[in-house]
Student: 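Please see the structure below; I have some questions.
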Amino acid sequence: MLAHCNYLCGGHIDSSLTGVLCLHNVFFLLTEKRLKKDLKSLRSFALELTKEFQHQSRTYLYQVLTAVREIQLQNEAMQMFQIKAFDLEQSLQEVTERYEKEKQKRRALHNSLVELRGNIRVHCRIRPLLPFDAAAGHSISQDRQRNISEKVAYAVDDETVLVKCSRPGHASINKTFQFERVYSASESQDIVFADVAPLLTSLLDGYNVCIMAYGQTGSGKTYTMLGPQLEENFAFSLEDESELGIIPRATQEVFRLISEKPPGSYWVEVSVVEVYNNEIFDLLAKDSCGKVFGVKRDVVTTREGKNDVPLLTHETVENASEFLHLVNKGLQLRASHPTLVHAHSSRSHLVVTLTITTIVSEDNLGTSWEDEQTSQRLNKEVFCTFPQKTRDSKSTSSSRASSPAQLEATEKLKQVKTRLQLVDLAGSECVGMSGVTGAALRETSFINRSLSALADVLGAIAEQRSHVPYRNSKLTRLLQDSVGERFFCLFFNNIDFFSQSSTSFVV
Ligand SMILES: Nc1ncnc2c1ncn2[C@@H]1O[C@H](COP(=O)(O)OP(=O)(O)OP(=O)(O)O)[C@@H](O)[C@H]1O
C-alpha cells in the first residue's frame with residue numbers, strides 16, 4: 001500500500017506524508033467498499049420496490065377492470081330495467097285507461113241500477129217502544145194509552161208492514177202495506193244508512209238526491225235524520241257513531257267520496273232552512289256581530305225556470321265536523337213545541353242542503369258523466385266558465401285552499417252543481433191525539449197542509465202527470481229542483497208501534 005502511494009506521488013513523499021496518504025487511501029477504499037455495498041442494497045431495494053409496484057399496479061389494474069366490468073353489467077341491468085320500466089309504464093297507462101273506462105261503466109251501471117229501483121222510493125221504519133211511551137205521569141190521550149198495551153204495527157217481512165186498525169165501535173181489521181224496504185224496531189242506524197249510501201255515489205255522478213223523513217209526531221223522524229236528541233240539547237256530535245242519523249253520516253260519506261277525487265275539484269256549501277207556517281227561515285243568517293238568527297226568505301222562480309232563495313246563506317264546509325257545527329247552530333233556532341205525544345216536537349220542516357260544485361274540464365263534460373242524458377243535463381246546468389267568479393256574496397269560501405276560484409285556468413273548466421237535500425219533516429198530526437190548541441193548532445194545520453202538498457207533488461211525479469203542483473206550498477217549491485229531473489228521492493216513513501195514521505201518506 002505504502003509503495004503504491006509513493007509510486008503515485010512520484011517517490012517525493014516523505015514518510016509521514018506517506019503515512020497520511022496511506023490512511024486516506026485506506027479510508028477511501030473502505031468508504032468505496034461501503035458505498036458499493038450500500039449501492040447494492042439500494043439496487044436490490046429498488047428492485048423489490050419495482051416488483052412491489054408492478055404487483056400493486058397489476059392488482060389495481062385488475063380491480064379497475066373488475067369495476068369496469070361491473071359498471072358494464074350494471075349498465076346492462078339498468079338498460080334492462082329501463083326497458084322493463086317503460087313496459088310497465090305502458091301497461092300502467094293501459095290499465096289506467098281500462099280502469100277509467102270500467103269506472104265509467106260502473107258509474108252508468110250503478111245509476112241505472114239505482115234508477116231501476118225507482119227514482120222515488122219509500123222505506124218504512126218502525127220505532128221501538130221506548131221507556132217514555134209508558135212512563136208514569138207522561139200525559140197521553142186515552143186512545144193512545146189503550147194502544148200502548150198492544151202493538152199495532154209490525155214488520156211482517158222486510159217489505160211488508162201489518163197495521164191493526166181499530167175504530168171505536170168497529171171490529172179491528174188488519175191492513176198490510178208494501179214498501180221498498182221495512183226496518184223493524186230492532187234495526188240500527190247503520191242498517192238504515194247502508195241503503196242511503198249508494199245514492200250518495202250517484203250524487204257525485206251528477207244526480208240530485210233528496211232524503212226525507214216523514215211520519216207522525218214522535219215516530220222517530222229526527223232520530224232517523226240526525227240521531228238521538230238529548231233533553232233541551234240540540235247538539236249532535238260525531239262521537240257516538242253508532243247512534244248517528246242520516247244527515248251526519250251522509251255528510252261524512254260525501255266528504256269521503258270527495259277525498260277520492262282530485263284535490264280541489266269539488267267543494268261543498270251548506271244551507272240550513274226551516275219551513276215554518278209556510279214561511280222559509282234562513283237558519284244560518286248572521287247579524288252584524290256574527291250571531292246566527294233566523295231570517296225570513298222567499299223562494300222565487302228564476303228566468304231559467306229554477307227555484308231560488310235570494311240571499312240565502314251558503315257556508316262552505318271542508319269536513320263533516322264543520323258541517324255539523326253549522327247544522328247544530330241552525331237547530332238551536334228550529335221551532336219546537338211540546339205536544340202531548342212528544343216533549344220536543346219539531347214544528348217546522350228542516351231542510352239541510354249540501355250543494356256540491358264540481359269542476360269539470362269542458363272536454364271531459366261528456367265523459368265524466370258516462371251516460372249521455374246526464375252529461376246533456378249537466379251541459380245545460382253549467383253555471384259559468386273559469387276564471388269568472390261565481391260565488392254569491394254570502395259565501396265564505398274565497399280563502400279556502402280547495403276553492404276552485406284559486407285554480408289556474410289552464411284549460412276551459414266548468415262548474416256543475418248537484419244538490420243533496422236532507423229533510424226532517426215536521427210531524428203529521430191527528431189534532432185530537434196531539435192535544436194542540438191556539439197557535440200550536442195553527443202550526444199543525446200549516447204542517448198538515450204542506451205535507452199534503454208534498455204528497456200531491458210526489459203522487460203527480462210517480463204517476464208521471466203532465467202537471468206537478470209544486471206551487472201549492474213553500475216546502476214543495478223549495479224541494480222542486482231536487483225532485484224534478486234526474487233525481488233520487490228516498491222517503492223514510494217513520495211509524496211507531498201504535499201508529500195508525502202514518503202509513504196513509506204513502507198509500
Ligand atoms: N229507532 C229508534 N231507536 C231508539 N230511539 C228512537 C228511535 N226512533 C226514535 N227514538 C226516540 O224517540 C223519541 C222521538 O223521536 P224523534 O224526536 O225522532 O221523533 P220525531 O218524529 O222527530 O218527532 P216530532 O215530529 O214531534 O219532532 C226520541 O227520544 C228519539 O231519540
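For ligands, and for the atoms within them, numbers begin at 1 and follow the listed sequence. Just so we're clear, the structure is a prediction, and the values are computed from it rather than from any experiment.
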Student: Could you check D195, N494, D158 and say which one makes a side-chain hydrogen bond (donor to acceptor under 3.5 Å, both in side chains) with Y183?
Tutor: D195

Student: So, R297 and D282, do they make that salt bridge, N to O below 4.0 Å?
Tutor: yes

Student: Would you call E187 a ligand 1 contact, heavy-atom distance under 4.0 Å?
Tutor: no

Student: Judging by distance only, is a nitrogen or oxygen of P228 under 3.5 angstrom from one on ligand 1?
Tutor: no

Student: Where the closest heavy atom to atom 19 (O) of ligand 1 is concerned, which of G220, S186, A213 has it?
Tutor: G220

Student: Return a yes/no value for S219: is any of its N or O atoms, backbone included, closer than 3.5 angstrom to an N or O of ligand 1?
Tutor: yes

Student: Please check whether G218 reaches ligand 1 - meaning an N/O of the residue sits under 3.5 Å from an N/O of the ligand, judged on distance alone.
Tutor: yes

Student: Tell me the contacting part of P128 for ligand 1: side chain, backbone, both, or neither, using a 4.0 Å heavy-atom threshold, strictly below.
Tutor: side chain

Student: Which of the atoms of ligand 1 are close to R127, meaning less than 4.0 Å from one of its heavy atoms?
Tutor: 7 (C), 8 (N), 9 (C), 10 (N), 12 (O)

Student: Check this for me - ligand 1, K221, N or O atoms closer than 3.5 angstrom, yes or no?
Tutor: yes

Student: Looking at F491 versus H123, is the centre-to-centre ring distance below 6.0 Å?
Tutor: no

Student: Is the closest heavy-atom distance from M225 to ligand 1 below 4.0 Å?
Tutor: no

Student: Is it true that R125 and T224 share a donor-acceptor pair across their side chains at a distance under 3.5 Å?
Tutor: yes

Student: For atom 26 (O) of ligand 1, state which one of I495, L129, L350, T217 supplies the nearest heavy atom.
Tutor: T217

Student: Check this for me, if you would: do E260 and R256 make a salt bridge, where the nitrogen-to-carboxylate-oxygen distance has to be below 4.0 angstrom?
Tutor: yes

Student: Suppose I only count heavy atoms of G427 and a 4.0 Å limit; which atoms of ligand 1 are within that range?
Tutor: 25 (O)

Student: Could R181 and F179 be counted as a cation-pi pair, given that NZ or CZ must be under 6.0 Å from the ring centre and within 45° of the axis?
Tutor: no

Student: So, E279 and K296, do they make that salt bridge, N to O below 4.0 Å?
Tutor: yes

Student: Would you indicate whether the side-chain heavy atoms of F281 and V273 approach each other to under 4.5 Å?
Tutor: no

Student: Show which atoms of ligand 1 fall inside a sub-4.0 Å distance from at least one heavy-atom site of Q216.
Tutor: 21 (O)

Student: Out of curiosity, is G215 lining ligand 1, as in a heavy atom under 4.0 Å away?
Tutor: no

Student: Under 3.5 Å, is there a donor on one side chain and an acceptor on the other for T355 and E269?
Tutor: no

